[in-house]
Amino acid sequence: MQSQRSVGVFAYRNEWQHASLNIILTNSLLLNSYEEFFKKHDVTGQQYNILCILREHYPKPVSTSLLRNCMLDKMSDTSRLVGRLKTKGLVEVERNISDKRLVNIVISDKGFRLLEHIGNNLYKLDNLLQGLTEQEATTLASLLAKARESISTAEERLSAALQLNEAV
């Protein structure tokens with residue numbers, strides 16, 4: 001009942017709605033905690049995500065389109081985020097010699113130092129879900145992966161059900 005009130009619902013239509021709303025609520029709590037953590041390091045979660053991607057590709061330069069494809073939040077304005085990281089001195093940006101419309105982005109030494117500093121504190125983020133056992137965390141991760149798969153195939157299931165109903 002407590003989770004129902006915290007999302008403004010007093011009766012769920014079904015257990016799928018119950019699960020969906022609980023995922024949304026949990027996502028919100030996690031995102032807020034992550035943003036508070038990264039704010040202490042003068043970056044956002046999205047900027048941190050970009051720095052991690054750049055570290056993985058270092059020393060090879062990366063384009064904004066590759067960053068966008070690799071980011072957790074696909075809706076991000078990657079160019080704006082890279083601009084802010086450049087202003088902070090965390091990345092180096094140069095025009096692509098072969099295609100002037102593109103830029104090459106590389107993490108800077110300052111960016112590496114920030115990632116190392118943040119890395120020493122990531123246990124604080126891990127602590128958010130350590131109220132679960134390791135087995136429960138594994139089960140949760142598996143169930144969330146299954147939920148993402150269900151979301152990605154929802155349209156197919158709905159279309160198949162509608163076609164079946166029309167045939168009857």
Side-chain angles (χ1 to χ4, degrees), residues 3 6-9 17 19-132 134 137-138 140-156:
S3 68
S6 63
V7 295
V9 175
Q17 181 195 27
S20 294
L21 292 177
N22 270 290
I23 290 170
I24 291 168
L25 176 62
T26 305
N27 176 60
S28 178
L29 291 170
L30 273 173
L31 282 177
N32 289 339
S33 296
Y34 269 61
E35 287 307 319
E36 279 298 311
F37 171 83
F38 288 117
K39 186 188 291 185
K40 293 174 184 171
H41 301 283
D42 196 33
V43 291
T44 66
Q46 295 169 328
Q47 290 170 345
Y48 174 76
N49 187 206
I50 287 175
L51 290 172
C52 289
I53 295 165
L54 293 172
R55 178 179 56 190
E56 286 179 30
H57 286 85
Y58 187 82
K60 184 179 173 193
V62 172
S63 68
T64 52
S65 60
L66 186 132
L67 285 174
R68 192 175 307 108
N69 290 336
C70 293
M71 288 182 68
L72 294 172
D73 180 0
K74 306 291 186 207
M75 303 307 287
S76 298
D77 182 350
T78 312
S79 298
R80 180 183 52 81
L81 292 168
V82 168
R84 290 189 175 160
L85 289 169
K86 181 181 178 187
T87 300
K88 294 176 183 185
L90 300 172
V91 300
E92 297 166 3
V93 180
E94 295 179 1
R95 285 270 165 229
N96 184 304
I97 295 169
S98 60
D99 186 342
K100 301 292 184 200
R101 296 170 297 168
L102 301 177
V103 292
N104 294 331
I105 308 155
V106 179
I107 189 170
S108 69
D109 289 340
K110 184 177 179 183
F112 275 117
R113 286 191 303 274
L114 177 64
L115 286 180
E116 184 177 343
H117 177 69
I118 291 173
N120 292 332
N121 291 286
L122 286 176
Y123 69 91
K124 294 175 183 176
L125 292 178
D126 298 340
N127 186 55
L128 294 171
L129 290 181
Q130 285 179 345
L132 303 175
E134 226 175 308
T138 300
L140 177 60
S142 176
L143 287 171
L144 290 171
K146 191 171 182 178
R148 287 189 302 277
E149 176 65 24
S150 179
I151 292 165
S152 70
T153 60
E155 195 63 40
E156 294 171 28

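Both backbone and side-chain heavy atoms feed into the values below; hydrogens, waters and symmetry mates do not.
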For this session: Check the pair L90, V43 against side-chain contact (heavy atoms from CB on, under 4.5 Å), reporting the backbone distance first and the verdict last.
Result: CA-CA 10 Å; L90 300 172; V43 291; 3.9 Å; yes
For this session: Test S63 against L67 for side-chain contact (heavy atoms from CB on, under 4.5 Å), laying out the working first.
Result: CA-CA 6 Å; S63 68; L67 285 174; over 6 Å; no
For this session: Begin with the C-alpha distance, continue with both residues' side-chain angles, and end with the deciding distance and a verdict on side-chain contact (heavy atoms from CB on, under 4.5 Å) for V106 and L54.
Result: CA-CA 6 Å; V106 179; L54 293 172; over 6 Å; no
For this session: I would like to know whether M71 and I53 meet side-chain contact (heavy atoms from CB on, under 4.5 Å); could you show each step before the answer?
Result: CA-CA 8 Å; M71 288 182 68; I53 295 165; 3.9 Å; yes
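With salt bridges taken as basic N to acidic carboxylate O contacts below 4.0 Å, one links K39 and E36.
Counting all heavy atoms, side chain and backbone alike, H41 lies closest to N121 at CE1-ND2, 3.9 Å. Residues P61 and N104 share a closest heavy-atom pair of CB-CB, 3.5 Å. Between C70 and K74 the shortest heavy-atom distance is C-NZ, 3.9 Å. Of all the heavy atoms in S108 and G89, the pair that sits closest is OG-O, 2.6 Å.
The environment of CD1 in I97 is sparse: at most 12 heavy-atom neighbours from other residues, nucleotides or ligands sit within 6.0 Å.
Side-chain contact between L85 and I50: present, with at least one pair of heavy atoms (C-beta onward) separated by less than 4.5 Å. The shortest side-chain heavy-atom distance between R95 and V103 falls under the 4.5 Å cut-off. For the pair F112 and L51, the minimum side-chain heavy-atom distance is 4.5 Å or more. Residues L125 and L128 meet the side-chain proximity criterion, which asks for heavy atoms closer than 4.5 Å.
Listed by first and then second residue, the side chain to side chain donor-acceptor pair (under 3.5 Å) pairs involving residues 43-52 are Q46-D73, Q46-S76, Q47-K88 (not counting sequence neighbours).
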